[in-house]
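Proteins come first, then strands; the chains are lettered A, B, ... in the order of their sequence lines, and each starts at number 1. Only heavy atoms go into these numbers, but all of them, side chains included; no hydrogens, no water, no symmetry mates.
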Amino acid sequence: SSSEPVKDEL
Amino acid sequence: MNAFRFLGDMTHLFSVLVLLLKIYATKSCSGVSRKTQELYMVVFVARYMDLFTDYISLYNSVMKVVFITSSAAIVWCMRRHPQVRRTYDRDQDTFRHVVLVAASFVLALIFNERFTFREICWAFSIYLEAVAILPQLVLLQRSRNVDNLTGQYVLFLGAYRAFYILNWIYRYFTEGHTSRWIPWIAGLVQTALYADFFYYYFLSWKNNVKLELPA
């Protein structure tokens, strides 16, 4: 979702 | 996932593989800072606690497991492996890494996205990762002869950070996230720490001489 943009990174 | 992010992850993965290869093939960890490796292990455990609660993709999950287990394996080798542990430069790897852990924790308590256990762990891992290379850089500076693999390990780690910055710039323009200042600032600090190393690595490559960092 757009409110969690960076935590899809490592 | 954009190309910069993927290249960042791949150079990060290569750096770990290079280090494992060096330790496995030479049965030696000379020039490798155990303190930096311990910090990375703490970083990965703190950040990837979401492994079982938030599923993003198979790619993400596999990479998280790889980073946790590889850092644990490296620390284990340096502490317990009968041959490898004897090659550890204990007397030169003297950086007070507990100070970095404490400072990162205090920073995470003050600056976080939400005052929850998970968000504090996440911010803590971001801050700690930014400075985790310091013991390794100090050790490189102290060792007169930096072997090629150790140099390449740090080079790949630095490249990983540079690619992540490009990834954020790309995402900023394509997705427009402006409020993510915690990873931005920490990431810039982290990449800046490599600038000096990049410079001397480039010089040694250009002049075809062994890498040596000035004291």
Side-chain angles (χ1 to χ4, degrees), chain A, chain B residues 1-2 4-13 16 40 43-44 47-51 53-57 59-68 113-114 118-119 121-123 125-126 129 160-161 163-165 167-168 170-172 174-187:
Chain A
S1 81
S2 62
S3 63
E4 292 284 325
V6 176
K7 290 190 181 75
D8 58 357
E9 291 176 351
L10 293 166
Chain B
M1 181 164 53
N2 63 67
F4 300 121
R5 153 87 196 274
F6 183 68
L7 283 170
D9 287 345
M10 289 304 109
T11 44
H12 194 185
L13 191 61
V16 175
Y40 280 133
V43 165
F44 295 140
R47 190 177 311 162
Y48 300 154
M49 283 193 305
D50 64 359
L51 195 53
T53 53
D54 293 271
Y55 179 80
I56 293 163
S57 65
Y59 171 86
N60 267 37
S61 299
V62 169
M63 293 292 269
K64 287 174 180 179
V65 171
V66 166
F67 286 131
I68 292 175
E113 294 187 349
R114 222 173 280 165
R118 276 180 48 177
E119 287 298 327
C121 281
W122 181 79
S125 81
I126 296 287
E129 188 190 351
Y160 144 60
R161 294 316 306 179
F163 278 125
Y164 255 67
I165 297 235
N167 158 52
W168 293 335
Y170 180 85
R171 293 189 76 170
Y172 174 78
T174 54
E175 300 166 34
H177 305 299
T178 53
S179 58
R180 291 286 164 154
W181 52 272
I182 288 180
W184 272 91
I185 293 172

For this session: Let me know if Y164(B) has heavy atoms under 4.5 Å from chain A in its side chain, its backbone, both or neither.
Result: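 When you check distances to chain A, only side chain atoms of Y164(B) fall under 4.5 Å.
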Problem set entry | Segment of N167(B) engaging chain A (4.5 angstrom heavy-atom cut-off) |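 For N167(B), the side chain is the part near chain A, not the backbone.
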For this session: Assess whether atom OH of Y59(B) is packed by more than 12 heavy atoms of other residues, nucleotides or ligands within 6.0 Å.
Result: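 More than 12 heavy atoms, drawn from other residues, nucleotides or ligands, come within 6.0 Å of this atom.
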Exercise. What distance do E113(B) atom CD and K7(A) atom NZ have between them, rounded to the nearest 0.5 Å?
Worked result: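 Here the rounded value is 4.0 Å.
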Exercise. Taking side chain as C-beta onward, heavy atoms only, is L10(A) less than 4.5 Å from H12(B)?
Worked result: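 Not touching, per the 4.5 Å side-chain cut-off.
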Exercise. Any ion pair linking R47(B) and E9(A) (charged N to carboxylate O, less than 4.0 Å)?
Worked result: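 R47(B) and E9(A): not salt-bridged.
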Exercise. Just by distance, do the side chain of N60(B) and the backbone of D8(A) share a donor-acceptor pair under 3.5 Å?
Worked result: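 Present.
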